[in-house]
Structures are given as structure tokens and as C-alpha cells.
Amino acid sequence: MDIGNIKKHSDLNFEVAQAKKNALEKLRSRQLMAYNERLFTADANTINIVSTLKQHNKDFYMLDVNDNPCHIKDPNDFLNKLIERNQETLNSYQQLHQDLAKKRK
Amino acid sequence: MTTGVLMYCFDTPELNYHRLAERCVEQIRKYLKLEITIVTNLETFKKFKPLGMINYKLVENSTTNTRPYRGKSVAWYNKERALAYEHSPYDTTILMDCDYFVFSSTLLELANTEFDMMLHDRVHDLTGKNMILGKDESTLPLVWATVTLFKKTANTKAIFAMINHVQEYYPHYRNLYRIRYINYRNDYAFAIALHQLNLGNRIPTPMTMLADSVDVIDSDGDGIVFKHGDNVMFTSGQDVHVMDKEWCNG
């Protein structure tokens, strides 16, 4: 491979890596979710902790992204909303990921 | 409880900010569906195309500030923003620059939470070249006033009183915080006020941005296409602060 082609290859990789970073920022931003006037991220950590705590208590307290406590009175409702938002953002990311994979081939 | 968007828009001899505001209004209507108030001057107001239901507040703006833009020094009418607390008719206000374009409902999620004032303290440069932030610009924890959500509370009233004070004595505060940038900039005034009062929440995700050297070459209701050097990229469903002030000129 001559240096011209290597440069093209490198440019394409930069472009793909940046598109991925931008899509991840979009995903994180779209995962922000208001609940009972508090702000949460619908990511794996939040889903896991809600899922775990709800097995032990009917209601419980959690810290939001700004470290403010939130009383979770209906864990099922909260968990459903978190999962819905999480999957919505991941579906959108997955589509872009597939497009990028095609671009690389 | 009312929630709405407040924008400041003053055309300058060099730049047609009203064109950006017109586009910004379209995006707000599509994704946020909130009432909008535009603070402007009579000269700019006359240039707006009919935008439907908008609250206009006409003021006489200060015209003493300048900024660098694409290698030139241009007029920058940014001092009225310090009066946003008085100008806003809403309980919860999304104070937004007219070059910030919403392509999602993320700001609604933020507005539906409890806070006094919330703004970005980090940026994400979409080009990956990290052209936005300089090094050692000040000794201050920087925030970006581009999008500022605030509620009408005693704390917020104090913050805006402090911002007005900082604006009045800006050379002193600039010196105190070792700010390199010479001209008055709202980002610093807001950051100083929040630092002095130990108040304010941060938006947890960075503000997506394009530097003024990046050209926006196309857009639709869902995103924009931009060009930097030989690279052409696009955004979709992602709010973005565009520093190219001429892309809406047609």
C-alpha cells in the first residue's frame, strides 16, 4: 500500500472514530431522563441499581445525577421508563454503528 | 407554572443574527413546543419575517463590545443577557443563544427537574479537533452561558444581580480570575457569579459545538451537514451550538 492510500485509510478511520464519538455523545445526552423532578441517566448502572433495589423494597431512595435524593415510590414504573429510554438510544446507536461498519468495508 | 424559551437577538453591522433566530425558532417549535420570547431592538425586529406567535420585547441595546470572528474584529451585542431574570415572563426559562439549534427534546427533560440554574460546563467538538477550548484561559471553573436554564427563585435573583455587578466591574473580576480574554463575555460573567455564590447545577452531558472555522453546508429539520478541511460530517437528532454565524444567510 503506497503512502497515498495509507493516508486515505487513516482519514477514513479518523472520520469513522469521530462519528462514533459523536454518536456516543448523542446517546448519553438522550439518556438524560427527568423523573419526580430529579435527573437520571437511563444507563446500565441506573437500570441495575433500580432492578436490584426493587427486589428488596417496595419503595426506596436514590441519588440523581446531581446527588439529590429521589423517593422512588413506583420502582416498576421507573424501571420500565429507564429501559425504554435506554433501548431507544441504543437502537439508534446500533443503526449508526452498522452504517459505519459498512463504510469501513 | 410556565416554561418558555428566551432569546436575545441583535443584528450587528457584520452579521444577521435575526436569520439565525428565525431558524432557531423553527427548531424550538418542532422539538420543544414551548412559548418563545425574543428580546431585540427595533432595527432587528423590522427584519424578522413573520414567525407566528412570538413575544417580542424591544430594548435599546448596548453597542460597546466586540469579538474576534474568522480573523476579524466584529461588533458583539451581548450585555443585555444579564437582564434575563427581569426580561423573562416564565417561571422556568430556557435562555438560549440564537445560534444554538435544538434537534431533540433533551432540554425539556432538563427543564422538568428541580434546580435554580443549570448550564453546561463541558463542550464536545464535533470535528474531533478540540478547537473550542484554549489552555489556561482563566483560573475559573468555566461554564457556558449558551444554554442556561433557570427558575425564578431567590437564588437565581441573586445570581443575576451578581452577573450585573460583574458586568459593571468586569476589569476587576477579569484581573481577579486571571481571565486572558479581554472583552466582556457572558460565559465568564456567569461562571464568576456562580463561583462567588457557590450555586448552580451543571448539565451532565457536554454541549455539542462547531467552531467558527467550520462551515455548515446543509441542514434539514433533523440535523446539519458541516465541513472542516476535507472532512464532511453530519449530525442527526443532536442539539448543536454552531459558531458559523452566516450559514442561515442563504
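Here the structure is a predicted model, which means the values were calculated and not measured. The chains referred to below are lettered A, B, ... by the order of the sequence lines, with proteins before strands, and numbering in each begins at 1.
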Are there over 12 heavy-atom neighbours, none belonging to [X], within less than 6.0 Å of that residue's [atom1]?
X	atom1	value
B/Tyr69	OH	yes
A/Glu84	CD	no
B/Lys129	NZ	yes
A/Leu24	CG	yes

*Heavy-atom contact with chain B under 4.5 Å, split by part of A/Tyr35*: neither
_A/Gln18 side chain vs B/Leu126 backbone, donor-acceptor pair below 3.5 Å_ = yes
*asked:* Please check this pair: side chain of A/Lys26 against backbone of B/Ser236, looking for a donor-acceptor N/O pair closer than 3.5 Å.
replied: yes
Would you say that [X] contacts [Y] through its side chain, given a criterion of any heavy-atom pair below 4.5 Å between the two side chains?
X	Y	result
A/Ser29	B/Asp239	no
A/Asn68	B/Glu114	no
B/Pro204	A/Leu32	yes
A/Asp11	B/Asp230	no
A/Arg38	B/Thr113	no

_Among the listed options A/Leu39, A/Val65, A/Thr41, the residue most often paired with chain B at heavy-atom distances under 4.5 Å_ =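 Answer, by heavy-atom pair count under 4.5 Å with chain B: A/Leu39.
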*Of the non-hydrogen atoms in B/Asp125 and A/Asn22, which two are nearest, and what is the gap between them?*
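Answer, listing the atom of B/Asp125 first, then A/Asn22: O-OD1, 4.4 Å.
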*Name the option with the most non-hydrogen atom pairs under 4.5 Å to chain A; the candidates are B/Ile203, B/Thr127, B/Asn231, B/Leu108.*
B/Thr127
*asked:* Please report the interatomic distance CZ(A/Arg30) to OG1(B/Thr205), rounded to the nearest 0.5 Å.
replied: 10.5 Å
*A/Arg85 with B/Glu109: basic N within carboxylate O range, under 4.0 Å*: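 Yes, A/Arg85 and B/Glu109 are salt-bridged.
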